[in-house]
Amino acid sequence: MCKGLAALPATCLKSAKDMKHRLGFLLQKSDSCDYSSSQGKKEKLSSSQRLSQEEVRKWAESLENLIHHDRGLAAFRAFLKSEYSEENIEFWVSCEEYKKTKSPAKLSPKARKIYDEFISVQATKEVNLDSCTREKTSHNMLEPTLSCFDEAQRKIFTLMEKDSYRRFLKSPYYLDLVSPPGAGCGPENCKRNHTHSLDCNSNIISQCA
């Protein structure tokens, strides 16, 4: 017949109380850690999502400012994709990454991959290069160096700068980011903001985050 806790030895009661105290402390510590971790992630996410108007306006100063900013590059890439010409920025990015190659043994395979993807006659994402530049780049493939794509990369940069970059600055992909919410909200602007902000602006930000 059970006689209750009173019938248990004093040492057992003490051990039980100690265990209860430790469990309570651990649970409280765990909750605190979970909360701190959650808050830290939220603050980090919030910080990473900040994009000042000053940063966005600098994108209109030059193509360099735009594509050397992570979110600017993502926005420009999204715009080019909408025009089915994203191969230009992909080629430029591939060249930038190629120039960071440190191992001489990796130069040839990396160079061949870029050439086959963007420059060769059967390239899956062929970029628009003049015959002279294409021929010179093909010759560079015999002995690839870190600068073997420099001329081709400059040509594509100039092409984007004179053409697609100017259209980008007039597109919702840029205008919805550079215009503060509610600014100049006439009938036409409001309609544009409602139709494009959710579809374009939020997509651009999510790609950059």
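Note that the numbering runs from 1 along the sequence shown for the chain.
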Next item on the list: Apply side-chain contact (heavy atoms from CB on, under 4.5 Å) to R166 and L63, showing your working.
Entry: CA-CA 9 Å; R166 294 179 181 179; L63 180 56; over 6 Å; no
Margin query: Donor-acceptor pair, distance only, cut-off 3.5 Å: does the side chain of E135 make one with the backbone of C132?
Written below: no
Note to self: So, using salt bridge (Lys or Arg N to Asp or Glu O under 4.0 Å) as the criterion, who are the partners of D163 when residues are at least two apart?
What the structure shows: R167
Notebook entry, point to check: Taking atom CG of L107 and atom OG1 of T145, what is their separation to the nearest 0.5 Å?
Noted result: 7.5 Å
Note to self: Give me each pair satisfying salt bridge (Lys or Arg N to Asp or Glu O under 4.0 Å) with a member in residues 152-162, each pair once, sequence neighbours excluded.
What the structure shows: D130-K155
Check: Quick check: does any side chain N or O of N65 sit under 3.5 Å from a backbone N or O of K58, one acting as donor and the other as acceptor?
Finding: yes
Note to self: Within this structure, what is the NZ-OG distance for the pair K113 and S108, rounded to the nearest 0.5 Å?
What the structure shows: 14.0 Å
Next item on the list: Sequence neighbours left out, what passes side-chain hydrogen bond (donor to acceptor under 3.5 Å, both in side chains) with T101? Give chain and number order.
Entry: K110
Note to self: Ring centres under 6.0 Å, that's the criterion: do F149 and Y98 meet it?
What the structure shows: yes
Check: Counting distance only, does the side-chain N/O of Y165 pair as donor-acceptor with the main-chain N or O of L159 below 3.5 Å?
Finding: no
Notebook entry, point to check: Which pair of heavy atoms, one from S82 and one from Y173, lies closest together, and at what distance?
Noted result: CB-OH, 3.4 Å
Notebook entry, point to check: Does R134 use its side chain to pair, donor to acceptor, with the backbone of I119 at less than 3.5 Å?
Noted result: yes
Margin query: As an exercise, state the distance from CG of D176 to OG of S171, rounded to the nearest 0.5 Å.
Written below: 8.5 Å
Note to self: Nearest 0.5 angstrom please: L142 CG to H139 NE2, how far?
What the structure shows: 5.5 Å
Margin query: Once rounded to the nearest 0.5 Å, what's the spacing between atom OG of S164 and atom CD1 of I156?
Written below: 10.0 Å
Next item on the list: Return yes if some donor-acceptor pair links the side-chain N/O of Y174 with the main-chain N/O of V56 below 3.5 Å, else return no.
Entry: yes
Next item on the list: For K99 and L146, work out which heavy atoms get closest and say how close.
Entry: CG-O, 3.3 Å
Note to self: I need the R77 CZ to S85 OG distance, nearest 0.5 Å.
What the structure shows: 12.0 Å
Next item on the list: Go through the steps for K81 and I89 under the test side-chain contact (heavy atoms from CB on, under 4.5 Å), then give the verdict.
Entry: CA-CA 10 Å; K81 189 173 183 179; I89 193 62; over 6 Å; no
Notebook entry, point to check: Any Lys/Arg nitrogen of K125 or E90 sitting under 4.0 Å from an Asp/Glu carboxylate oxygen of the other?
Noted result: yes
Margin query: How close do A152 and T137 get, counting heavy atoms only, and between which atoms?
Written below: CB-OG1, 3.8 Å
Checklist line | Derivation of the side-chain contact (heavy atoms from CB on, under 4.5 Å) call for E126 and E87 | finding: CA-CA 7 Å; E126 185 179 358; E87 69 275 359; over 6 Å; no
Checklist line | Beyond-backbone contact of P144 with Y115, side-chain heavy atoms, under 4.5 angstrom | finding: no
Next item on the list: Quick one: sort the F157 and W92 rings into parallel, tilted or perpendicular, breaks at 30° and 60°.
Entry: tilted
Note to self: Quick check against the 3.5 Å criterion: does Q53 have a side-chain atom that pairs as donor or acceptor with the backbone of L177?
What the structure shows: yes
Notebook entry, point to check: Under 3.5 Å, is there a donor-acceptor pair between the side chain of S120 and the main chain of A123?
Noted result: yes
Margin query: Taking the side chain as everything from C-beta on, heavy atoms only, tell me whether L66 gets closer than 4.5 Å to F168.
Written below: yes
